[in-house]
Amino acid sequence: MNNILKVGLAQISPVWLDKEATLKKIEHTIVAAAEQKTELLVFGEALLPGYPFWLAHTNGASWDLKVNKEIHAHYVRNSIQVEAGELNSICTLAKTHKMAIYLGIMERAKDRGGHSIYCSLVYINEKGDIKSVHRKLQPTYDERLTWAPGDGNGLQVHPLKDFTVGGLNCWENWMPLPRAALYGLGENLHIAVWPGSDYNTKDITRFIARESRSYVISVSSLMRKEDFPKNTPHLNKILENAPDVLANGGSCIAGPDGEWVVAPILHKEGVICQKIDFNRVYEERQNFDPVGHYSRPDVTNLQVNRERQSTVTFKD
């Protein structure tokens, strides 16, 4: 039945800023999801290797502060270079279990010199192929102190059974035009990834679902004081002002009518599984389709630049 898709929301904590340990945890989570016959598994924003929580607790905007430089360098060293095959184990598991995966990573992009990092959302299909790497268009507030702005190359959708899936990172989901770009590509299953908080997911998940008449899956991570490894640079400085819970989860699913399929789940680690029925999309598009019968492209029309941006173009 191609209209039924079993989705899994991987609400887990990273082994913070430890690339290898977090990769292992992701691999174990994929295997656990496969045991529940999950067909699409979604992980939170920047999970691999973690969100830059230190910025809010170490005077992150202070100029030329050694603490921030050293933690940033540690962050970059633990980021992912896709071209180097650092996601190969994930791709192999996706192929083995015939499972599509959305994974939030910190990407050390080789085509931008390999020193800056981008908050990227990677889509791996059920054959184990990486089909898109979406670099967050606009880092939010203090994220700009450590993340670089991305481009439109990853504004893409992918077929999965009867569904067409696409995704955005965190507050990108509040940006009307990137949403419209994905709607225009036929998206009917929207993936929204977050660092972790029902403050983010409880309103916009239902709003996007009702606006687009699509399913919306929001997936957040968890983060607690005990999730900071002991070898984290300047750990005492980070923990000095950090709350006990930095990310409480809030992963959820809204249906095409904007109502909850799975309401936000807090403080629970693991894979949350749910079956969704594509026919509900057609039912709700009957009276509203934002890029179909309820659109006026002769009046308003969006242009999207999906060229992968680079500073240098070589002709050899």
Donor-acceptor check, side chain of Ser220 to backbone of Gly250, threshold 3.5 angstrom: yes or no? no

Is Glu172 salt-bridged to Arg179, going by a charged N under 4.0 Å from an acidic O? no

Side chain proximity check, Phe43 to Ile12, heavy atoms < 4.5 angstrom: yes

Rounded to the nearest 0.5 angstrom, the CD-CG distance for Gln274 and Leu40 is 13.0 Å

Taking the side chain as every heavy atom from C-beta outward, state whether Pro149 and Pro139 have any pair of such atoms under 4.5 Å apart. yes

Are Met223 and Leu239 connected, step by step, through hydrophobic side chains (Ile, Leu, Val, Met, Phe, Trp, Tyr) whose heavy atoms are closer than 4.5 Å? yes

Whether the side chain of Lys161 engages the backbone of Ile4 through a donor-acceptor N/O pair (distance < 3.5 Å, no angle test) should be reported. yes

Using a cut-off of 6.0 Å, state whether more than 12 heavy atoms not belonging to Lys6 lie near its atom NZ. yes

Are the side chains of Thr164 and Leu189 in contact, using a 4.5 Å heavy-atom criterion? no

Treating Ile, Leu, Val, Met, Phe, Trp and Tyr as nodes and any side-chain heavy-atom pair under 4.5 angstrom as an edge, say whether Ile71 and Leu145 lie in one connected cluster. yes

Quick one: do Arg213 and Asp289 satisfy salt bridge (Lys or Arg N to Asp or Glu O under 4.0 Å)? Show the steps, please. CA-CA 7 Å; Arg213 298 305 201 265; Asp289 183 348; over 6 Å; no

Using a strict threshold of under 4.0 Å (side-chain N to carboxylate O), is an ion pair present between Asp64 and Lys69? yes

Are any non-hydrogen side-chain atoms of Cys252 and Thr205 less than 4.5 angstrom apart? yes

Would a 4.5 Å heavy-atom cut-off, applied to side chains only, mark Leu103 and Leu121 as touching? no

Side-chain contact test, heavy atoms from C-beta onward, threshold under 4.5 Å: evaluate it for Val281 versus Tyr215 and give yes or no. yes

Checking His28 side chain against Ile26 main chain: does a donor-acceptor pair fall under 3.5 Å? no

With a sphere of 6.0 Å drawn around NZ of Lys95, does it hold more than 12 non-hydrogen atoms of other residues, nucleotides or ligands? no

To the nearest 0.5 Å, what is the distance between CG on Asn169 and CD1 on Ile191? 12.0 Å

Answer yes or no: are there more than 12 heavy-atom neighbours, outside Phe288 itself, under 6.0 Å from its atom CZ? yes

In terms of side-chain heavy atoms, does Thr58 have a donor or acceptor partner in Asn68 at a distance below 3.5 Å? yes

In this structure, would Val165 and Val193 fall into the same cluster of hydrophobic residues linked by side-chain contacts under 4.5 Å? yes

Apply the test side chain to side chain contact (heavy atoms under 4.5 Å, CB included) to residues Ile253 and Trp260: give CA-CA distance (whole Å), side-chain angles for both, the deciding distance (0.1 Å), then the verdict. CA-CA 6 Å; Ile253 304 174; Trp260 290 125; over 6 Å; no

Looking at every non-hydrogen atom in both residues, tell me the closest pair between Thr201 and Ser218 and how far apart they are. CG2-CB, 4.0 Å

Any donor-acceptor pair under 3.5 Å from Gln156 side chain to Asn153 backbone: yes

Heavy atoms from other residues, nucleotides or ligands near NZ of Lys225 exceed 12 (cutoff 6.0 Å): yes

Hey, what do you get for CG (Leu155) to CG (Leu182), rounding to the nearest 0.5 Å? 5.5 Å

What are the two closest heavy atoms between Phe163 and Asp277, and how far apart are they? CZ-C, 4.0 Å

Under 3.5 Å: donor-acceptor pair, side chain of Ser13, backbone of Leu222: no

Identify whether Leu93 and Val82 are in the same connected component of the hydrophobic contact network (ILVMFWY, side-chain heavy atoms under 4.5 Å). yes

Ring centres under 6.0 angstrom apart (Trp147, Tyr51): yes

Assigning hydrophobic clusters by single linkage (Ile, Leu, Val, Met, Phe, Trp, Tyr; side-chain heavy-atom cutoff under 4.5 Å), is Ile105 placed with Leu137? no

When you measure from the side chain of Ser295 to the backbone of Gly292, do you find a donor-acceptor pair of N or O atoms at a distance under 3.5 Å? yes

Gap separating the CD1 atom of Ile276 from the CG atom of Asp162, nearest 0.5 angstrom: 11.0 Å

Do the side-chain N and O atoms of Asn200 and Trp171 include a donor-acceptor pair separated by under 3.5 angstrom? yes

Pairing of Arg210 and Glu259 as salt bridge, 4.0 angstrom limit: no

Minimum heavy-atom separation for Phe53 and His57, please, with both atom names. O-CD2, 3.2 Å

Inspect the contact between Lys202 and Asp198 and indicate whether a charged nitrogen and a carboxylate oxygen are less than 4.0 angstrom apart. no

Measure the spacing between CG of Leu87 and CG of Leu23 and express it to the nearest 0.5 Å. 7.0 Å

After noting the C-alpha distance and the side-chain angles of Ile101 and Met99, does the key distance pass the side chain to side chain contact (heavy atoms under 4.5 Å, CB included) rule? CA-CA 6 Å; Ile101 296 171; Met99 181 192 302; 4.3 Å; yes

Answer yes when Glu20 and Lys24 have at least one side-chain N-carboxylate O distance shorter than 4.0 Å, and no when they do not. no

Using only atom types and a distance under 3.5 Å, with no angle test, would you say the side chain of Arg308 pairs donor to acceptor with the backbone of Asp151? no

Inspect the surroundings of NE2 in His293 and state if more than 12 heavy atoms from other residues, nucleotides or ligands are less than 6.0 Å away. yes

Between Gly258 and Arg206, what is the shortest heavy-atom contact and its length? O-NE, 2.7 Å

For residues Asn78 and Asp18, is any side-chain donor paired with an opposing acceptor at under 3.5 Å? no

For Ser79 and Glu107, test the side chains for any donor-to-acceptor distance below 3.5 angstrom and give the result as yes or no. no

So do the side chains of His234 and Glu70 get within less than 4.5 Å of each other, counting heavy atoms only? yes

Return yes if a side-chain donor-acceptor contact under 3.5 Å exists between Thr146 and His72, otherwise no. yes

Any side-chain donor paired with an acceptor under 3.5 Å for Ser310 and Arg112? no

Supply the atom-to-atom distance His134 NE2 to Leu168 CG, rounded to the nearest 0.5 angstrom. 5.0 Å

Nearest heavy-atom approach of Ala10 to Thr29 is CB-CG2, 3.9 Å

Under 3.5 Å donor-acceptor, Gln11 side chain and Ile265 backbone: yes

May I have the step-by-step check of side chain to side chain donor-acceptor pair (under 3.5 Å) for Trp16 and Thr232, ending in yes or no? CA-CA 8 Å; Trp16 196 69; Thr232 301; over 6 Å; no

Tell me, with the steps shown, if Ser221 and Glu45 meet side chain to side chain donor-acceptor pair (under 3.5 Å). CA-CA 7 Å; Ser221 303; Glu45 182 191 41; over 6 Å; no

Under a 4.0 Å threshold between the charged nitrogen and the carboxylate oxygen, would Arg108 count as salt-bridged to Glu83? no

Got a sec, which pairs hit side chain to side chain donor-acceptor pair (under 3.5 Å) with one end in residues 121-132, sequence neighbours left out? Ser132-His158

Side chains of Arg280 and Asp257, heavy atoms from C-beta outward: is any pair under 4.5 Å? yes

Minimum heavy-atom distance between Asp142 and Leu55, given as atom pair plus value: O-CD1, 3.2 Å

Any sub-3.5 Å donor-acceptor pair from Asn173's side-chain atoms to Ala192's backbone N or O? no

